[in-house]
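Quick note on labels: first sequence line is chain A, next is B, and so on, each numbered from 1. In this text the structure is predicted, and so the values were computed from the model without any measurement.
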Amino acid sequence: MVQLTPARVRYAPSPTGLPHVGNIRTALFNWLWARHTGGQFILRIEDTDVARRVEGATEGIMESLRWLGLDWDEGPLVGGPYAPYVQSERLPRYEQEAARLVGSGRAYFCFCSEERLEAMRAAQARRREPPRYDGTCRRLPDEERKRRKDGGEPCVVRFKVPHRGETVTFHDLVRGEISFRDEDIEDFVILKSDGYPTYHLANVVDDHLMSITHVIRGEEWISSCPKHVLLYHAFGWQREMPVFVHMPVTLGPDKGKLSKRHGAEPVLEYRRQGYLPEALVNFMALLGWSLDDKTEIIGREDLVKHFSLERIGATSAAFNREKLDWMNGVYIRQLSPEELTDKLMPFLEEWQARTRAPHFSRSLLRQVVPLIQERLRRLDEAPALADFFFVDELAYDAVLLAPRGLPPDAARDALGRTREAVSALREWTPEALEGGIRGLALELGLKTGPYFGCIRVAVTGRAVSPPLFQTMAVIGRGRCLARLDAAIEKLKQGAA
RNA sequence: GCCCCCAUCGUCUAGUGGACUAGGACAUCGCCCUUUCAAGGCGGUGACGGGGAUUCGAAUUCCCCUGGGGGCACCA
């Protein structure tokens, strides 16, 4: 492998809610790059919007990362050489850097009120002009700005975008050169009136201070990237500018950018629905990245080993639940029965608590697991698939007992003979059951299809189940005989 | 409205001028296996948005159009 310099990358979410798949995929790509290069993955909380802050969101973010196995080397809880990693705790730095810019004439105080700005934008919209700060305070004489500032008038700090009719160009690893005309960039706010920095300032300052080498983020940031580039230059940091990698956004099923509005669910919701973190990781990695023309199932280690920024595509990808479900099934089948039992326990326990199923236990579940493993796509499907192993009474429609090709009377007789034959069995094993029941089928001249179907319903209460004889073996002699009796009774009542 | 980005099967993608009658995966359809359902095996349907240009030769390069997406806050 080529010797790579260790990268320092960051996942920088704002704590405004639980991260969803599109969001956490950014974390995954950053993490993969850090691990691939042997560098550091940094978690930085960008809580510079006091109004949008959500209680507990940071914990939710960390829990999501932990569940997916995306461990961070620096950040909340673990600390690091560039602490603190929460922007609200770094306010003095931003203020200081903003002041530097004001001092050197690259930024200025702006006293325009929210109302005035709103009116300005409304007027621009009416004139069908792009909404953009009109530069009122930029044109103010220095003395007046100083006087009003010293007088305590509320203000923000705006970056003085050089409007020289030039283009601001940056290199994006995914798309190549991207350029904007400087007159299309407005004098953006870098420090708000409450003293908090905006994303633009905080992000540039911290990335520089924390020696971030690669900024891997969603493509929704492309349009603000020139602002960041301008800031790097204004600060004199252009030599150490990070490599920009704008990943394509994830689209919802309706092809809109994945968000609450477009079918995005919190990552932790996937845990609740019985997805395996390794399946979700595999799946998300393939959303916008590919190893070659055939690899679909690729485990975490191989992902780390083979991941590369160069193979990130430029087209946005729609989140496709069906493929995730398939992939999750693949990962479920790869589990050992013991592992799967462990993973299934919380889902069955939750079900048990609701239904009071009398026969549920881990050891019974352990026996059931081999019978349902290849039938599961999600862990939360297990109760619906296996409930009849754990209950006493079965509730089902008697007509199911007489499938096509087996009239009710014949079904009742067959079940009666079956009960007889089976209760005489010395061993209650799949093999013994199969021998006995097949022998009987031959003797009675019954086709196995309808006949086995009939027994299946009697024993499981449904027309679809895992293989009959193994199922009966696990359910046990006592409950099987009782269920056969109940089925015969049901048919008698139906006839009467 | 303005700016930016993108464009291969329904979906995720491979493809960097000839190896492409465009490959793989999910989904879908059919067959096989089979006591049902799965799993598995085999096979089928299915795509280079349109138009120009460059070239002996374009999915691949360039331009235009169209379509889609993103952005345009004292939000990130």
Task: Touch class at under 4.0 angstrom, heavy-atom based, for A/F180 against every strand present - done: sugar-phosphate

Open item on the list: By the 4.0 Å heavy-atom rule, please label A/R128 as base, sugar-phosphate, or nothing.
Closed with: sugar-phosphate

Open item on the list: Using a 4.0 Å heavy-atom cut-off, does A/G288 contact any base of the nucleic acid, only the sugar-phosphate backbone, or nothing at all?
Closed with: sugar-phosphate

Task: Rounded interatomic separation in angstrom, taking CD from A/E219 and C1' from B/C5 - done: 6 Å

Task: Considering all heavy atoms, the nearest A/V156-A/S193 contact - done: CG1-N, 3.6 Å

TODO: Would you classify A/P13 as touching base, sugar-phosphate or nothing, given that sugar-phosphate means primed atoms plus P, OP1 and OP2, and contacts are heavy atoms under 4.0 Å?
DONE: nothing

Open item on the list: Between A/R378 and A/D380, does any side-chain N to carboxylate O distance fall below 4.0 Å?
Closed with: yes

Task: Nearest-angstrom distance, C1' atom, B/G52 to B/A58 - done: 14 Å

- [ ] With heavy atoms under 4.0 Å as the rule, sort A/C112 into base, sugar-phosphate or nothing.
- [x] base

Open item on the list: Can you check the distance between B/A47 and B/U35, where both ends of the measurement are the C1' atom (answer in whole Å)?
Closed with: 41 Å

Open item on the list: The side chain of A/V156 is closest to which nucleotide in this list: B/A39, B/C74, B/C12?
Closed with: B/C74

- [ ] Using only heavy-atom distances, decide whether a donor-acceptor pair under 3.5 angstrom links the side-chain of A/E296 to the base of B/G24.
- [x] yes

- [ ] Provide the distance between the two P atoms, one in B/U45 and one in B/G23, to the nearest whole Å.
- [x] 11 Å

Task: Separation between the C1' atoms of B/G69 and B/C63, rounded to whole Å - done: 22 Å

Open item on the list: Please tell me if A/R438 has a side-chain N or O lying less than 4.0 Å from either OP1 or OP2 of B/U35.
Closed with: yes

Open item on the list: Given B/C5, B/G24, B/U35, identify the nucleotide with an atom nearest to the side chain of A/R456.
Closed with: B/U35

Task: Nearest-angstrom distance from the residue atom CG of A/L442 to C1' of B/U35 - done: 15 Å

Open item on the list: I want to check one thing: is the phosphate of B/A76, taken as OP1 and OP2, less than 4.0 Å away from some side-chain N or O of A/T48?
Closed with: yes

Open item on the list: Less than 4.0 angstrom from a charged side-chain N to a carboxylate O is my criterion; do A/E186 and A/R132 meet it?
Closed with: no

Task: Closest nucleotide among B/A14, B/C12, B/A76 to the A/K192 side chain - done: B/A76

Task: Interatomic distance where CE belongs to A/M472 and P belongs to B/U36 [whole Å] - done: 17 Å

Task: Assigned partner base of B/G1, Watson-Crick or wobble definition, under 3.5 Å - done: B/C72

Task: Listed nucleotide nearest any side-chain atom of A/W326, set B/A14, B/A27, B/U35 - done: B/A27

Open item on the list: Could you tell me the Watson-Crick or G-U partner of B/C62, where both distances fall under 3.5 Å? Say none if there is no partner.
Closed with: B/G52

TODO: Using a 4.0 Å heavy-atom cut-off across all strands, classify A/F319 as base, sugar-phosphate, or nothing.
DONE: nothing

Task: Nucleotide nearest A/A314 when distance is taken to its side chain, options B/C6, B/A76, B/C37 - done: B/C6

- [ ] Grab the CH2-C1' distance between A/W221 and B/C72 for me, whole Å please.
- [x] 13 Å

Task: Rounded interatomic separation in angstrom, taking CD from A/E434 and C1' from B/U35 - done: 9 Å

- [ ] From the options B/A76, B/A73, B/A14, select the nucleotide whose nearest atom is closest to the side chain of A/S290.
- [x] B/A14

TODO: Decide whether A/S465 and A/R456 meet the rule of one side-chain donor and one side-chain acceptor closer than 3.5 Å.
DONE: yes

Open item on the list: I'd like the P distance from B/U66 over to B/G51, given in whole Å.
Closed with: 15 Å

- [ ] Flag the pair A/R375 and A/E381 as a salt bridge only when some basic side-chain nitrogen lies within less than 4.0 angstrom of an acidic carboxylate oxygen.
- [x] no

Open item on the list: Taking the minimum atom-to-atom distance to the side chain of A/R375, which one of B/A76, B/G24, B/C37 wins?
Closed with: B/C37

TODO: Using the P atom as the reference point in each nucleotide, state the distance between B/G50 and B/U8 in Å, no decimals.
DONE: 12 Å

Open item on the list: For the residue pair A/E265 / A/Q273, report whether a side-chain donor-acceptor contact shorter than 3.5 Å exists.
Closed with: yes

- [ ] Return the value, rounded to whole Å, for the distance between atom CD of A/E220 and atom C1' of B/C6.
- [x] 15 Å

TODO: Please confirm whether any donor atom in the side chain of A/T315 sits under 3.5 Å from an acceptor in the base of B/C6, or the reverse.
DONE: no

Task: Gap between atoms CD1 and C1', on A/I222 and B/G71 respectively (whole Å) - done: 10 Å

Open item on the list: Checking contacts here: which listed nucleotide (B/G71, B/A14, B/C3) is nearest the side-chain heavy atoms of A/D184?
Closed with: B/C3

- [ ] For A/P466, report the nucleic acid contact type (base, sugar-phosphate, nothing); a contact means any heavy atom under 4.0 Å.
- [x] base

TODO: Classify the nucleic acid contact of A/R158 as base, sugar-phosphate or nothing, counting any heavy atom under 4.0 Å across all strands shown.
DONE: sugar-phosphate

Open item on the list: Judged by each residue's nearest nucleotide on RNA chain B, which is more toward the 5′ side, A/P197 or A/R181?
Closed with: A/R181

- [ ] Determine the Euclidean distance between corresponding P atoms of B/C64 and B/C5; express it in Å to zero decimal places.
- [x] 12 Å

TODO: Answer with base, sugar-phosphate or nothing: what part of the nucleic acid does A/R311 contact at a heavy-atom distance below 4.0 Å?
DONE: sugar-phosphate

- [ ] Whole angstrom is fine here: how far is it from CG in A/L385 over to C1' in B/U36?
- [x] 12 Å

Task: From CA spacing to verdict: salt bridge (Lys or Arg N to Asp or Glu O under 4.0 Å), A/E118, A/R121 - done: CA-CA 5 Å; A/E118 230 165 86; A/R121 278 189 282 265; 5.9 Å; no

- [ ] Mind checking A/S179 for me? I need base, sugar-phosphate or nothing, with any heavy atom below 4.0 Å counting as a touch.
- [x] sugar-phosphate

TODO: Using a cut-off of strictly less than 4.0 Å, decide whether A/R127 has a side-chain nitrogen or oxygen near OP1 or OP2 of B/G1.
DONE: no

TODO: Give a yes/no on whether any side-chain N or O of A/R121 is located under 4.0 angstrom from OP1 or OP2 of B/C74.
DONE: yes

Open item on the list: Could you check whether A/R10 pairs with A/D207 (Lys NZ or Arg NE/NH1/NH2 to Asp/Glu carboxylate O, under 4.0 Å)?
Closed with: yes

Open item on the list: Reading RNA chain B from 5' onward, which residue's closest nucleotide shows up sooner: A/R377 or A/K294?
Closed with: A/K294

TODO: Could you verify whether a donor N or O on one side chain and an acceptor N or O on the other, from A/Y196 and A/D47, lie under 3.5 Å apart?
DONE: no

TODO: Identify which nucleotide among B/U35, B/A76, B/U11 has an atom closest to any side-chain atom of A/L468, counting heavy atoms from C-beta outward.
DONE: B/U35

Task: Base-pairing mate for B/U28 - Watson-Crick or G-U, with both contacts under 3.5 Å - done: B/G44

Task: Nearest-nucleotide pick for A/S316, side chain only, options being B/A14, B/G69, B/U36 - done: B/G69

TODO: Assess whether ring-ring contact (aromatic ring centres under 6.0 Å, His included) is satisfied between A/Y11 and A/W72, documenting all intermediate values.
DONE: CA-CA 9 Å; A/Y11 175 51; A/W72 55 100; 9.6 Å; no

- [ ] Using the C1' atom on both, measure B/C12 against B/G1 and round to a whole Å.
- [x] 35 Å

